[in-house]
Protein chains: 2
Amino acid sequence: MKIEALTKTDNIALRNDIISKIRNHINHKNLEPGEKLPSERMLSEKFGVSRSTIREAIQTLEFYGLLESIPQSGTFVAQLGVTALNGMITEILSLEEPDFKSLVETRILLELKTVRLAAQRRTEEQLIHLKQALDAYTEKVLLGEDAVQEDLLFHLAIAKASGNSSLNTLMLIITPEIITNFAKYHVCDDDQTFVGIEEHKAIYEAIKDREVQKSKELMKVHFKNLYKYCYNVDL
Amino acid sequence: MKIEALTKTDNIALRNDIISKIRNHINHKNLEPGEKLPSERMLSEKFGVSRSTIREAIQTLEFYGLLESIPQSGTFVAQLGVTALNGMITEILSLEEPDFKSLVETRILLELKTVRLAAQRRTEEQLIHLKQALDAYTEKVLLGEDAVQEDLLFHLAIAKASGNSSLNTLMLIITPEIITNFAKYHVCDDDQTFVGIEEHKAIYEAIKDREVQKSKELMKVHFKNLYKYCYNVDL
DNA sequence: TTAACCAATCTGGTAAACCAGTTTAATGTC
DNA sequence: GACATTAAACTGGTTTACCAGATTGGTTAA
């Protein structure tokens with residue numbers, strides 16, 4: 001088991017090492033925004049690793065919007081200068097796994113915003129989608145089954161209805177980790193879920209009626225138990 | 001130029017297609033949390049593409065925490081059930097490029113939180129780092145040079161000082177796109193930056209003195225122009 | 001001199017072969 | 001028949017080879 005973990009860690013360490021070397025190269029050559037990086041083959045040779053490894057590192061930096069690969073042409077640095085690039089890569093390399101408390105804290109922040117925006121901006125189509133998610137959740141709970149997934153999907157539907165693509169993306173990024181931790185710590189084993197039905201329904205109604213402030217207050221109540229629970233248990 | 005874009009789009013389309021097919025497979029086989037996906041070779045053959053393509057798709061899903069690859073063992077679905085997985089992949093596939101307004105809206109939300117947390121939790125070491133970032137920014141402005149990068153690095157330092165790894169990660173994700181859009185729309189060409197020095201300095205002092213509410217108010221002021229500017233220009 | 005064209009070269013993307021652990025199942029022993 | 005052993009098959013990771021489009025530099029025709 002520990003060998004597996006070590007191997008996995010090694011892989012990440014290797015990729016981070018390459019990312020670091022790419023950063024050094026950009027610094028050393030003072031690559032300006034839009035300039036071209038050496039080809040994958042060159043970097044591969046220069047760093048003594050295979051193209052796959054280089055490509056993985058580039059893909060990671062591409063995800064953060066620091067590089068952009070164009071087929072049959074090259075890999076280019078984004079429209080941000082050496083300083084920002086350097087600082088950001090350093091930060092990315094030092095990123096740590098988010099702890100449960102951070103996740104919950106962030107989720108609450110994001111959702112108190114998405115629910116307000118949803119109440120303001122939701123379209124009829126999004127409202128239907130919300131209703132479907134709500135019904136799926138309710139049905140699951142009434143069957144006495146675990147409904148964590150349907151719960152989170154309803155919240156994701158709210159994020160989508162917020163009309164803010166950025167917030168929607170961020171919610172998608174943190175949600176799986178939230179669910180995983182819920183499962184790990186058995187946060188949702190108790191029968192609070194019946195209360196959850198009413199709370200969800202109320203939030204839905206508020207969004208439907210475009211009651212911005214009320215929707216936020218309802219969400220706050222909805223999160224109160226969770227917030228308290230997590231801080232008591234984990235802090 | 002448009003051919004380049006098309007090629008790029010095709011690549012993304014291909015990867016998304018594979019992701020979609022993986023989702024279908026998981027649905028069809030009703031893979032429970034922790035269960036193993038078919039090997040990359042099997043999927044490669046099943047979908048009629050190479051392992052590289054499969055691996056890229058898996059890597060994307062790994063980033064969102066939906067799958068996990070373990071060397072010499074297999075790829076496993078995360079600790080979330082079919083329903084959540086299905087819903088999330090659907091959402092991921094339909095993700096759209098964030099617009100500038102969404103980015104700004106999100107940034108303001110995140111930073112009004114990070115600055116408060118930083119004022120509460122910052123360590124002495126983080127304070128030093130903040131000071132360095134502030135000085136770098138000030139120096140650049142006084143030289144009359146463009147200081148967008150140093151500006152954002154200061155804000156990232158605040159995010160790091162918030163002690164919330166999750167918020168820090170999210171800030172890192174949206175920052176490059178913010179900078180890119182700043183450059184594209186020439187938001188920061190005017191000499192507002194001299195005002196920026198004072199505002200940054202004030203925020204730093206508030207964090208230093210652990211004045212939570214004040215730090216938030218100062219950040220609000222700092223963002224007021226930007227918020228207004230963006231909405232006026234882009235909306 | 002200039003502009004158009006063409007072929008050699010270079011690019012990222014894709015596919016196929018290879019590697020080192022892991023898993024599994026068959027085989028041999030007690 | 002139960003268990004230990006061992007070898008073959010299977011895994012994700014890595015390396016190498018190949019592809020088609022883009023770039024580039026020189027050559028040629030106007």
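In what follows, chains carry the letters A, B, and so on, assigned in the order in which the sequence lines appear, proteins first and then strands, with residues in each chain numbered from 1. What you see is a predicted model, and the numbers here were worked out from it, not measured in a lab.
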What's the [atom1]-[atom2] distance between [X] and [N], to the nearest Å?
| X | N | atom1 | atom2 | result |
| --- | --- | --- | --- | --- |
| B/Glu40 | D/dG12 | CD | P | 5 Å |
| B/Arg15 | C/dG12 | CZ | C1' | 14 Å |
| B/Arg55 | D/dT14 | CZ | C1' | 8 Å |
| A/Leu43 | C/dG13 | CG | P | 13 Å |
| B/Glu45 | C/dA16 | CD | P | 11 Å |
| A/Leu14 | D/dT14 | CG | C1' | 10 Å |
| B/Met42 | D/dG12 | CE | P | 11 Å |
| A/Gln59 | C/dG12 | CD | P | 14 Å |

If the cut-off is 4.0 Å, is [X] near the phosphate of [N], judged by side-chain N/O to OP1 or OP2?
| X | N | value |
| --- | --- | --- |
| A/Thr53 | D/dG13 | no |
| A/Arg51 | C/dG12 | no |
| A/Ser39 | C/dT11 | yes |

Please tell me which of the listed nucleotides, [options], lies nearest to the side chain of [X]?
| X | options | value |
| --- | --- | --- |
| A/Ser50 | C/dT14, C/dG13, D/dT14 | D/dT14 |
| A/Ser69 | D/dG12, C/dG12, C/dT14 | C/dG12 |
| A/Gln72 | D/dG12, D/dA22, C/dT14 | D/dA22 |

Indicate yes or no: at least one non-hydrogen side-chain atom of [X] is less than 4.5 angstrom from one of [Y].
| X | Y | result |
| --- | --- | --- |
| B/Thr60 | A/Phe63 | no |
| A/Leu66 | A/Ile92 | yes |
| B/Thr53 | B/Arg15 | no |

5' priority, DNA chain D, between B/Arg41 and A/Lys36 [closest heavy atom]
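In this pair, the answer is B/Arg41.
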Donor-acceptor pair, side chain of B/Ser44 and main chain of B/Val49, under 3.5 angstrom:
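At least one qualifying donor-acceptor pair exists.
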Would you classify A/Thr75 as touching base, sugar-phosphate or nothing, given that sugar-phosphate means primed atoms plus P, OP1 and OP2, and contacts are heavy atoms under 4.0 Å?
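Sugar-phosphate contact only - A/Thr75 comes under 4.0 Å of backbone atoms but never of a base.
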In plain terms, say whether A/Arg55 and B/Glu56 are close enough for a salt bridge, that is, a side-chain N and a carboxylate O under 4.0 Å apart.
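Result for this pair is yes, salt bridge flagged.
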